[in-house]
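First comes the structure, then the notes that go with it.
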Amino acid sequence: MTAQILDGKATAAAIKSDLTARVAALKEKGVTPGLGTILVGDDPGSQKYVAGKHRDCAQVGIASIQRELPATATQEEIEAVVRELNEDPACTGYIVQLPLPKGIDENRILELMDPAKDADGLHPMNLGRLVLNEPAPLPCTPNGILSLLRAHGVEIKGAEVVVVGRGVTIGRPMPLLLTRRSENATVTQCHTGTRDLSAHLKRADIIVAAAGSPHLIGAEDVKPGAAVLDVGVSRNAEGKIVGDVHPDVTEVAGWISPNPGGVGPMTRAQLLVNVVEAAERSAG
Ligand SMILES: Nc1nc(=O)c2c([nH]1)NC[C@@H]1CN(c3ccc(C(=O)N[C@@H](CCC(=O)O)C(=O)O)cc3)C=[N+]21
């Protein structure tokens with residue numbers, strides 16, 4: 001058996017085409033959504049992701065507001081830019097590209113953001129709302145994963161889902177989204193402290209691999225027919241993306257997200273969704 005592709009590129013393109021119409025409708029009401037990005041330092045990966053986000057914005061008609069600071073920027077300098085975007089009416093949503101350089105208090109920066117402009121869904125207020133089942137912008141990668149599964153008709157309701165990883169952007173919020181009544185999945189969260197990862201993986205109908213550990217998951221770990229989402233982004237010596245999922249998994253899985261071309265484009269599409277929804281809320 002060869003797994004069917006969870007095509008993030010195509011699904012993201014469909015989301016963007018829907019957003020293009022919504023942005024046009026907002027503009028007729030006199031509202032232009034604007035996405036701000038704060039990029040600190042010169043990590044080539046981060047520069048590439050941020051550039052991709054602005055390319056997406058141009059495609060759907062969202063204005064771009066780019067702020068770049070050197071790797072030597074101080075906590076105060078970064079906070080000043082956060083305050084500036086909080087005040088800027090042209091900026092309807094923004095993100096602080098993570099990770100920030102060593103020595104910067106990331107959580108303090110995130111707390112300073114206006115939660116109404118939090119395009120990533122990572123502000124503590126919005127993560128709290130997610131825990132409390134209140135409406136809030138949702139974290140982009142977990143929400144992008146759900147959109148990708150839905151778009152391909154993969155059943156989430158009642159599924160056994162194993163999430164590998166406990167990072168703030170994916171691993172921690174992912175189970176919160178999956179266990180809402182609207183999704184009704186059963187979730188096992190695995191991490192580096194898990195005793196027998198393979199035993200958990202073998203039971204999964206859906207695997208979300210967000211450990212950042214190259215080729216952690218092999219064909220022998222996967223139940224035939226399972227849906228496997230490869231969220232890992234490690235890089236090899238040539239700078240090419242190496243996922244958490246070994247290529248052999250294609251032979252046993254029912255569904256697999258390519259990497260690149262799977263979850264990455266969905267993350268970016270979901271970011272645009274958050275920006276447009278925030279602008280629609282403020283337009284009434
Ligand atoms: N505040 C914040 N929000 C984020 O959402 C955030 C972040 N910080 N820090 C880093 C991670 C990583 N991330 C990716 C987004 C898109 C692709 C993406 O589109 N990847 C392309 C390939 C790009 C390539 O070839 O390098 C793909 O998978 O097809 C990848 C990774 C967002 N992140």
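Counting convention: from 1, in listed order, for ligands and their atoms alike. Remember, predicted model here, so these are calculated numbers, not experimental data.
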Proximity flag [X] to ligand 1, non-hydrogen atoms under 4.0 Å:
X	answer
K9	no
C140	no
D120	yes
P265	yes
R235	yes

Is there a donor-acceptor contact under 3.5 Å from the side chain of [X] to the main chain of [Y]?
X	Y	result
E160	T186	no
H200	V162	no
D244	A211	yes

* **Gap separating the CD1 atom of I241 from the OG atom of S234, nearest 0.5 angstrom** =>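 I241 CD1 to S234 OG: 9.5 Å, rounded to 0.5 Å.
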Going by the atom numbers of ligand 1, which of them fall below 4.0 Å from some non-hydrogen atom of [X]?
X	value
L98	1 (N), 2 (C), 7 (C), 8 (N), 9 (N), 10 (C)
G261	27 (C), 28 (O), 29 (O)
V96	1 (N), 2 (C)
K48	24 (C), 25 (O), 26 (O)

* Sole candidate of L178, T11, V161, I206 that passes side chain to side chain contact (heavy atoms under 4.5 Å, CB included) when paired with L149 ->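 Per the side chain to side chain contact (heavy atoms under 4.5 Å, CB included) rule, the option paired with L149 is I206, out of L178, T11, V161, I206.
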* Going by atom types only, do S198 and D221 share a side-chain donor-acceptor pair under 3.5 Å? ->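 Result is yes, a qualifying pair exists.
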* Asked: Between R180 and E183, does at least one N-O distance fall below 4.0 Å, as a salt bridge requires?
  -> yes
* Asked: At under 4.0 Å between heavy atoms, which part of Q270 makes contact with ligand 1: side chain, backbone, both or neither?
  -> neither
